[in-house]
Amino acid sequence: MVLSTGYNKTRTAVFISGTGSNLKSLIKFSKTSISPISINFVISNNSKAKGLNYAKIYKIKKKVFSFKNKKKSEIKLLSILKKNNINMICLAGFMKILSKNFIKKFKGKILNIHPSLLPKYKGLNTHLRVLNNKEKYSGCTVHFVNARLDSGKVILQKKVKISKNETEASLAKKILAQEHKLYPKAILKVFNL
Ligand code: GRF
């Protein structure tokens with residue numbers, strides 16, 4: 001991806017569905033001088049998403065789309081993103097699957113974070129499946145989004161050791177802390193920084 005020069009950071013939208021802790025870490029990163037991106041829009045499918053509060057706190061535009069009618073929501077969404085000159089999308093705990101058509105419009109410019117060492121444990125309930133399989137390690141992955149779920153090219157991964165007596169909650173917490181560091185690093189890598 002080409003890095004905009006001078007003070008023009010790449011205008012980015014973050015898509016969330018829940019707590020938004022990755023959104024918060026991305027906003028903080030975006031405000032540093034080394035960040036090639038600025039966060040200019042927060043999108044959610046869930047009007048009750050806690051993470052929407054960060055948009056309020058940091059005075060970032062936000063919009064909720066129900067995605068009940070995916071086609072209609074995506075058409076409106078694309079027009080808003082275009083109007084706001086958004087050039088990059090970071091999915092961060094976004095629980096809806098974007099259509100092929102939408103992904104094509106932002107080809108190579110949509111990133112996602114997933115709480116497993118992809119290609120292992122795509123989809124939901126990753127931590128539970130990891131523990132049930134008695135894995136020694138898990139982790140998180142930032143990858144490009146393509147039309148297949150959690151299957152795009154891997155940008156960066158962080159491995160985490162599973163402790164004795166690890167629970168789904170303790171593993172989720174441990175991995176989430178790493179996610180907050182990994183996403184900014186992956187963005188720097190995408191921009192060759
Ligand atoms: C993260 O574990 C992310 O990897 C997954 O959903 C969770 C979102 O957490 N896709 P948050 O909303 O960023 O706190």
Side-chain angles (χ1 to χ4, degrees), residues 1-4 7-32 35-115 122-124 140-152 155 172 176 179-180 182-184 186-188 190-191:
M1 207 172 288
V2 181
L3 172 61
S4 315
Y7 295 103
N8 297 327
K9 296 186 176 187
T10 295
R11 293 175 63 82
T12 300
V14 181
F15 289 19
I16 61 163
S17 298
T19 317
S21 67
N22 277 292
L23 166 64
K24 186 183 174 195
S25 94
L26 286 176
I27 294 173
K28 291 204 157 166
F29 168 67
S30 74
K31 293 183 179 299
T32 65
S35 170
I37 65 161
S38 58
I39 311 289
N40 301 92
F41 228 107
V42 177
I43 300 290
S44 181
N45 63 304
N46 172 13
S47 61
K48 297 198 169 74
K50 273 194 190 165
L52 285 170
N53 282 325
Y54 294 119
K56 207 171 164 189
I57 294 168
Y58 291 97
K59 300 190 170 51
I60 298 168
K61 282 188 184 177
K62 61 174 190 298
K63 183 107 186 137
V64 175
F65 291 94
S66 72
F67 274 81
K68 278 185 185 132
N69 181 328
K70 183 147 70 175
K71 211 168 177 184
K72 274 192 183 163
S73 285
E74 285 188 347
I75 288 170
K76 284 191 206 153
L77 178 53
L78 278 169
S79 120
I80 280 214
L81 296 176
K82 200 172 168 197
K83 226 192 258 168
N84 284 275
N85 297 312
I86 299 298
N87 282 314
M88 186 167 161
I89 295 172
C90 291
L91 307 182
F94 184 63
M95 301 304 281
K96 292 284 173 187
I97 296 172
L98 297 165
S99 73
K100 262 189 201 166
N101 180 55
F102 184 95
I103 294 167
K104 229 182 1 195
K105 296 261 160 62
F106 275 88
K107 201 163 182 268
K109 292 178 173 179
I110 311 180
L111 273 50
N112 182 39
I113 187 149
H114 183 77
K122 296 173 184 175
L124 297 175
C140 44
T141 304
V142 178
H143 64 93
F144 287 108
V145 171
N146 66 11
R148 281 170 301 120
L149 183 70
D150 300 330
S151 297
I155 300 163
L176 199 56
E179 290 183 36
H180 299 155
L182 192 72
Y183 219 153
I187 289 169
L188 289 172
V190 164
F191 284 87

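Predicted model only: the values in this text are computed from it and were never measured.
- Partners of Lys72 by side chain to side chain contact (heavy atoms under 4.5 Å, CB included), not counting sequence neighbours, listed by chain and number: Asn69.
- Side-chain contact of Ser38 with Asn40: a donor-acceptor pair under 3.5 Å is present, judged by distance alone.
- A search for side-chain hydrogen bond (donor to acceptor under 3.5 Å, both in side chains) contacts involving Asn46 returns nothing, not counting sequence neighbours.
- Lys122 meets the side-chain hydrogen bond (donor to acceptor under 3.5 Å, both in side chains) test with Ser151; sequence neighbours excluded.
- Every residue meeting the side chain to side chain contact (heavy atoms under 4.5 Å, CB included) condition with Thr12, not counting sequence neighbours, appears here in chain and number order: Thr10, Ile37, Ile39, Met88, Cys90.
- The two atoms that bring Val145 and Ile103 nearest to each other are O-CG2, 3.7 Å, heavy atoms only.
- Of all the heavy atoms in Lys9 and Lys31, the pair that sits closest is NZ-C, 4.3 Å.
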Ignoring hydrogens and angles, write down the donor-acceptor pairs under 3.5 Å from the side chains of residues 53-61, residues two or more places apart or on other chains.
| from | atom 1 | to | atom 2 | distance (Å) |
| --- | --- | --- | --- | --- |
| Asn53 | ND2 | Lys50 | O | 3.4 |
| Lys61 | NZ | Asn84 | OD1 | 2.7 |

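- Applying the side chain to side chain contact (heavy atoms under 4.5 Å, CB included) rule to Ile75 yields no partners; only residues at least two apart in sequence or on another chain are considered.
- In terms of the ring-ring contact (aromatic ring centres under 6.0 Å, His included) criterion, residue partners of Phe94 (sequence neighbours excluded) are, by chain and number, Phe15, Phe67.
- Among residues two or more places apart in sequence or in another chain, the ring-ring contact (aromatic ring centres under 6.0 Å, His included) test is passed with Phe102 by Phe106.
- The side-chain hydrogen bond (donor to acceptor under 3.5 Å, both in side chains) search around Ser21 returns His180, not counting sequence neighbours.
- Partners of Ile97 by side chain to side chain contact (heavy atoms under 4.5 Å, CB included), not counting sequence neighbours, listed by chain and number: Lys70, Leu149.
- Every residue was checked against the ring-ring contact (aromatic ring centres under 6.0 Å, His included) condition with Phe41, not counting sequence neighbours, and none meets it.
- In this structure, the side-chain hydrogen bond (donor to acceptor under 3.5 Å, both in side chains) partners of Thr141, at least two apart in sequence or on a different chain, are Gln157.
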